[in-house]
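First comes the structure, then the notes that go with it.
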Amino acid sequence: MKIGIYGLGRFGSFWASTLSRVADVQAYSRSSSAPEGVLFVSEENVCKSDLLFLCNSISSVGEVCDRIAPFLKEGMIVADTCSVKVHPLETMKKRLPASVQILGTHPMFGPDSGRNGVAGLPVALCPERIDDGSLKTVLDLFTSLGLRIETLTAKDHDREAAYSQGITHFIGRTLDLLNLEPSRISTTGYEDLLDIVQQTCNDKWQLFVDLQKFNPYTEEMRKKLHSSIEEMLVKLDSIESIGEK
Ligand SMILES: O=C(O)C(=O)C[C@]1(C(=O)O)C=C[C@@H](O)C=C1
């Protein structure tokens, strides 16, 4: 099976290298060259893969679908890798030819969290328009990487991810505004917080904005977080001070 990667940004390059350990991988990107072990091919040729992973930003899925649609081969699988699922799957269904199969995937890791290997890490799967045999091929591929496969609907994915990945990136970016510094007397909890700031801010600003704007549940998450902070401030204010008499 020939695997194609469309887009070699931060995640695409990482995903191409990871997959090249267990499969034949070819890749196309507008700007960069392919990582070691991955064949760089033209935009038209990457569309002739058996399984094509789209590794572009959430906000560019529509544009990418329009670019690749004329070149896709009948029966192939097109899988997005976006951090939200409702938006890309709706877009792919609308803009890709009916003759290609569509699968939503969200590897719940990246170059930072997967730097020591991806075995044991989760990947979310949202089968959209795919036959059982093709789905099994993808399941076998992910299993060969040691991934933990979690199948769910796009809506359930986005709802759950808003309160896990979405909230993590929101807190990381918000704490970054405080310019927190390492401390000689830091606790492990504080070090974990600094790690969260670093890991979330290592990703592109575009990912943060797209995560917050294209997941239909993140607005509610931010509002609840905001009111929880206010509730806690009121709670503390209402406690009488217990200073020495
Ligand atoms: O490991 C990294 O580099 C990541 O930032 C991975 C990370 C995250 O931890 O939020 C970022 C985007 C993907 O959707 C999944 C996971």
Side-chain angles (χ1 to χ4, degrees), residues 5-21 27 29 32 35 52-61 64 78-92 103-126 128 138 141-142 145-177 191-219 221-222 225:
I5 303 286
Y6 190 100
L8 288 166
R10 199 172 131 74
F11 176 73
S13 301
F14 170 76
W15 194 221
S17 306
T18 302
L19 287 166
S20 71
R21 282 183 222 128
S29 173
S32 45
L52 179 64
F53 285 104
L54 305 183
C55 298
N56 47 281
S57 66
I58 298 166
S59 43
S60 67
V61 170
V64 167
V78 181
D80 81 302
T81 56
C82 293
S83 310
V84 302
K85 292 274 59 77
V86 172
H87 169 72
L89 285 172
E90 284 305 313
T91 308
M92 290 197 291
L103 174 67
T105 78
H106 182 192
M108 308 301 301
F109 50 81
D112 289 331
S113 43
R115 68 179 168 272
N116 298 321
V118 298
L121 295 175
V123 56
L125 274 199
C126 305
E128 183 64 44
V138 180
L141 173 71
F142 287 171
L145 288 171
L147 296 177
R148 178 160 56 80
I149 300 159
E150 297 292 342
T151 304
L152 71 181
T153 66
K155 263 191 173 180
D156 285 348
H157 167 280
D158 285 4
R159 196 180 298 114
E160 234 173 286
Y163 288 88
S164 51
Q165 185 187 26
I167 202 166
T168 307
H169 281 251
F170 189 79
I171 299 266
R173 291 280 176 178
T174 305
L175 289 182
D176 188 48
L177 296 176
E191 279 167 17
D192 289 345
L193 268 189
L194 292 184
D195 282 350
I196 286 172
V197 174
Q198 200 188 10
Q199 202 198 303
T200 52
C201 295
N202 263 348
D203 288 319
K204 279 196 168 161
W205 175 249
Q206 182 74 55
L207 172 69
F208 173 64
V209 174
D210 286 353
L211 267 180
Q212 303 300 323
K213 295 289 178 191
F214 284 90
N215 181 325
Y217 302 95
T218 42
E219 187 180 358
M221 174 279 289
R222 292 190 301 274
L225 178 65

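Remember, it's 1-based here, ligands and their atoms both numbered in the order they're listed. This structure is a prediction, so every number in the text was calculated from the model and none was measured. The analysis underlying the following values was restricted to heavy atoms, covering all of them including side chains, and did not include hydrogens, waters or symmetry mates.
Ligand 1 lies under 4.0 Å from heavy atoms of R10, S83, H106, P107, M108, F109, G110, P111, D112, S113, Q165, H169, Q199, D203, L207.
By the 30° and 60° cut-offs, the orientation of the rings of F214 relative to H87 is tilted.
For the ring-ring contact (aromatic ring centres under 6.0 Å, His included) test, residues two or more places apart in sequence or in another chain that qualify with F208 are W205.
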side-chain contact (heavy atoms from CB on, under 4.5 Å) between V78 and M92, worked out: CA-CA 9 Å; V78 181; M92 290 197 291; 4.2 Å; yes
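H106 has its side chain within reach of M108: a pair of non-hydrogen atoms, C-beta onward, lies under 4.5 Å apart.
Within a 6.0 Å radius of CD in E160, no more than 12 heavy atoms belonging to other residues, nucleotides or ligands are found. Atom CD of E191 has more than 12 neighbouring heavy atoms from other residues, nucleotides or ligands inside a 6.0 Å radius.
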